[in-house]
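All values reported here derive from a predicted model rather than from experimental measurement.
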Amino acid sequence: MNRYKNECLTMYRNKNYSIHTEVTLFPFKTEIVVQSGFEKATIATSSATITDVKVSINTKGLNLALTWIEAHAFGFTSLHYAEINDRMQVVRAHEIEAIDTNNAAILPLSFICEEFLFVAKIECSTEQVTISQYRLSDFSLVASPIIVTSKISDSYLSSKHNKIANMTIVDGGDNTFYLQYKVQTGSINTILLTYQDKAISHQRLFDFAYNNIGFHEAYLDKEENMIFVSYANTESGDIYLAAQSLDPDGDNNPIENNVVINQTQGTYNRPYIEKYDSNYAVTWEGTNPYIIHVDKNLLILSPEEMLDLSNPANIKTAYDMAANTLIMSAQIDNRIFEDYGSSFYYSKTMTNNDHS
């Protein structure tokens, strides 16, 4: 029986793409499956365990770009890159880097600027985030990786890191990007990355310094010039939402602090946030998936909804503007393996509430 792990859900060139990994146990293999509507294709197959599949930020590219890690025997891992066209055909694939057992890396996030691919990842041996720059022509390393100085939280070193810690990067426009990860104090650092003169510079901006931050997700609203962070509280099991203005003339203080958005008590985890129209949908996982709608001032617009799916995990949403609907994907029925579900859910019919 196959096992499924939901990885990504994204809009690209006016189409939605759902990406998940599928594990076959006998004989063992892992596949990356991309689906858009009723069409789907397998774009990578490996005898290793494929993890951390992420969509590259590639605002000017014609193809959808992905990175992932393959975990082989004896602790050896490798970092991979691929591009697919709008017919879900692989037009380019490459192993970017082989990572030895003494320098395990997790959560690679990537973005493309001009002819370069930049990959930020957590280096478990040094407990730091590094950013590597590769030429897309041949994937050669341009220079030594940039080291972001703040040490990572111990959460990333746990075998359960995929449930209690995350790293995010969002596109700020005009060759700027915002990188966020948890540091040793438990806060979420926000790092501004700027591409200029064929290189990346980094600057620490501010922290989301709240108590008991677990897994977090970020959304950057370019129209409002705000970054939203939703996170799970590791002590209470609640889902919180905070926002920060990115206005250069602002005071860099969060607009709101520790707003609890779940309305029923429970042990919840792994929230996800997506904008639709002028409001935002936040989803999270419990024994069922939950969704609630908020505005830019973090005011709750309607009662939370519980969807009829059993034991969901890795819930993702995307807003299809042309269809004016929220799309959702998730792995469900996670009773055998914590990291995998026994089935996969991908719906184009999840309508949003009208709060205009």
Side-chain angles (χ1 to χ4, degrees), residues 3-12 14-22 32-37 40 43 50-58 64-68 84 88 107-110 162-163 165-171 180 214-221 228-232 239 241 261 268-276 279-286 288-294 304-321 323 325-334 338-341 343-352:
R3 295 290 178 260
Y4 303 84
K5 183 177 181 182
N6 193 33
E7 300 282 359
C8 311
L9 180 62
T10 188
M11 296 296 302
Y12 194 76
N14 299 318
K15 289 180 67 177
N16 66 82
Y17 293 88
S18 172
I19 302 163
H20 69 271
T21 49
E22 191 168 329
I32 300 176
V33 179
V34 178
Q35 187 170 351
S36 182
K40 67 179 180 178
I43 64 164
I50 295 175
T51 65
D52 294 337
V53 183
K54 304 293 182 183
V55 174
S56 302
I57 299 174
N58 185 21
L64 184 66
L66 305 171
T67 56
W68 67 89
I84 60 173
M88 293 182 290
L107 297 174
L109 301 172
S110 59
N162 65 320
K163 291 180 72 71
N166 193 25
M167 184 166 72
T168 60
I169 187 167
V170 289
D171 178 20
Q180 290 186 322
F215 188 98
H216 86 276
E217 272 290 352
Y219 182 87
L220 191 148
D221 189 330
F228 295 83
V229 169
S230 185
Y231 64 93
I239 301 299
L241 184 62
I261 59 170
Y268 303 126
N269 201 12
R270 288 191 286 210
Y272 197 85
I273 183 168
E274 178 71 14
K275 185 177 183 180
Y276 66 92
N279 298 314
Y280 310 87
V282 183
T283 51
W284 62 90
E285 60 188 63
N288 296 80
Y290 292 82
I291 181 170
I292 204 163
H293 305 268
V294 301
E304 70 181 21
E305 301 172 56
M306 184 181 74
L307 306 180
D308 188 20
L309 297 172
S310 174
N311 296 316
N314 294 314
I315 300 167
K316 313 292 183 188
T317 54
Y319 178 55
D320 189 328
M321 187 179 298
T325 188
L326 279 169
I327 306 154
M328 191 179 82
S329 62
Q331 67 205 52
I332 54 177
D333 199 9
N334 291 268
E338 184 178 357
D339 288 340
Y340 293 92
S343 56
F344 179 71
Y345 176 83
Y346 167 51
S347 172
K348 292 184 64 178
T349 60
M350 181 181 162
T351 57
N352 66 63

Legend entry - Pro289 side chain reached by Leu309 side chain, heavy atoms, under 4.5 Å: yes

Legend entry - Under 3.5 Å: donor-acceptor pair, side chain of Tyr346, backbone of Tyr17: no

Legend entry - With sequence neighbours excluded, residues passing ring-ring contact (aromatic ring centres under 6.0 Å, His included) with Tyr290: Tyr268, Trp284

Inset, instruction - Measure the spacing between CZ of Phe344 and CD of Glu22 and express it to the nearest 0.5 Å. - result: 9.5 Å

Inset, instruction - Report the distance from atom OH of Tyr12 to atom OG of Ser56, rounding to the nearest 0.5 Å. - result: 9.5 Å

Inset, instruction - With the side chain counted from C-beta on, respond yes when Thr10 and Leu64 share a heavy-atom pair under 4.5 Å apart, and no when they do not. - result: yes

Inset, instruction - Write down the atom of Glu274, the atom of Tyr319, and the distance for their closest heavy-atom approach. - result: OE2-N, 3.3 Å

Legend entry - Worked verdict on Tyr280 versus His293 for side chain to side chain contact (heavy atoms under 4.5 Å, CB included): CA-CA 6 Å; Tyr280 310 87; His293 305 268; over 6 Å; no

Inset, instruction - Would you please name every residue forming a side chain to side chain donor-acceptor pair (under 3.5 Å) with Asn288, sequence neighbours left out? - result: none

Inset, instruction - To the nearest 0.5 Å, tell me how far Thr283 OG1 sits from Ile239 CD1. - result: 9.5 Å

Inset, instruction - Considering non-hydrogen atoms only, spot the tightest contact between Thr67 and Ser110 and give its length. - result: CG2-OG, 3.4 Å

Legend entry - Rounded distance [0.5 Å steps], CD1 in Ile43 versus CE in Met88: 10.0 Å

Inset, instruction - Could you grab the distance from atom CD1 of Ile273 to atom CD of Glu217, nearest 0.5 Å is fine? - result: 9.5 Å

Inset, instruction - Could you tell me whether a side-chain N or O of Gln35 sits under 3.5 Å from a main-chain N or O of Gly37, the two making a donor and an acceptor? - result: yes

Inset, instruction - Considering non-hydrogen atoms only, spot the tightest contact between Tyr276 and Leu326 and give its length. - result: CD2-CD1, 4.2 Å

Legend entry - Any Leu241 side-chain heavy atom under 4.5 Å of Val229 side chain: no

Inset, instruction - Check Gln180 against Ala218 and note the closest heavy-atom contact, atom names and distance. - result: OE1-CB, 3.3 Å

Inset, instruction - Would you sort out whether Trp68 and Ile32 count as a side chain to side chain contact (heavy atoms under 4.5 Å, CB included), showing the intermediate values? - result: CA-CA 10 Å; Trp68 67 89; Ile32 300 176; 3.5 Å; yes

Legend entry - Lys316 and His20, any side-chain heavy atoms less than 4.5 Å apart: no

Legend entry - Short side-chain to backbone donor-acceptor contact, Gln331 and Asn6, under 3.5 Å: yes

Inset, instruction - Mind listing the closest non-hydrogen atom pair of Glu304 and Ile261 along with its distance? - result: OE1-O, 4.5 Å

Legend entry - Residue pair Leu9 / Ile327, side-chain heavy-atom distance below 4.5 Å: yes

Inset, instruction - Could you tell me whether the side chains of Thr21 and Glu7 share a donor-acceptor contact shorter than 3.5 Å? - result: yes

Inset, instruction - List the steps, then state whether side chain to side chain contact (heavy atoms under 4.5 Å, CB included) holds for Ser18 with Val34. - result: CA-CA 6 Å; Ser18 172; Val34 178; over 6 Å; no

Inset, instruction - Examine distances only and state if a side-chain atom of Asp52 and a backbone atom of Leu107 form a donor-acceptor pair shorter than 3.5 Å. - result: yes

Legend entry - Polar side-chain atom of Asp333 near backbone of Gly341 as donor-acceptor pair, under 3.5 Å: no

Inset, instruction - Working to the nearest 0.5 Å, report the span between CG of Asp320 and CG of Asn16. - result: 5.5 Å

Inset, instruction - Flag the pair Asp171 / Leu220 as yes when at least one side-chain heavy-atom distance between them is below 4.5 Å, and no otherwise. - result: no

Legend entry - Closest approach of Ala232 to Arg270 (non-hydrogen atoms, all atoms of both residues): CB-N, 4.3 Å

Legend entry - Heavy-atom side-chain proximity of Ile292 to Glu305 below 4.5 angstrom: no

Legend entry - Option among Asp339, Asn314, Thr51 that satisfies the side-chain hydrogen bond (donor to acceptor under 3.5 Å, both in side chains) test with Asn162: Asp339

Inset, instruction - Check whether any side-chain heavy atom of Val33 lies under 4.5 Å from a side-chain heavy atom of Tyr4, and answer yes or no. - result: no

Legend entry - Asn311 backbone acceptor or donor facing Asn334 side chain under 3.5 Å: yes

Inset, instruction - With side chain to side chain contact (heavy atoms under 4.5 Å, CB included) as the test, would you mind laying out the steps for Phe215 and Lys163 before giving the verdict? - result: CA-CA 6 Å; Phe215 188 98; Lys163 291 180 72 71; over 6 Å; no

Inset, instruction - Answer yes or no: are there more than 12 heavy-atom neighbours, outside Lys15 itself, under 6.0 Å from its atom NZ? - result: yes

Inset, instruction - Compute whether any side-chain donor of one residue and acceptor of the other, for Ser230 and His216, lie under 3.5 angstrom apart. - result: no

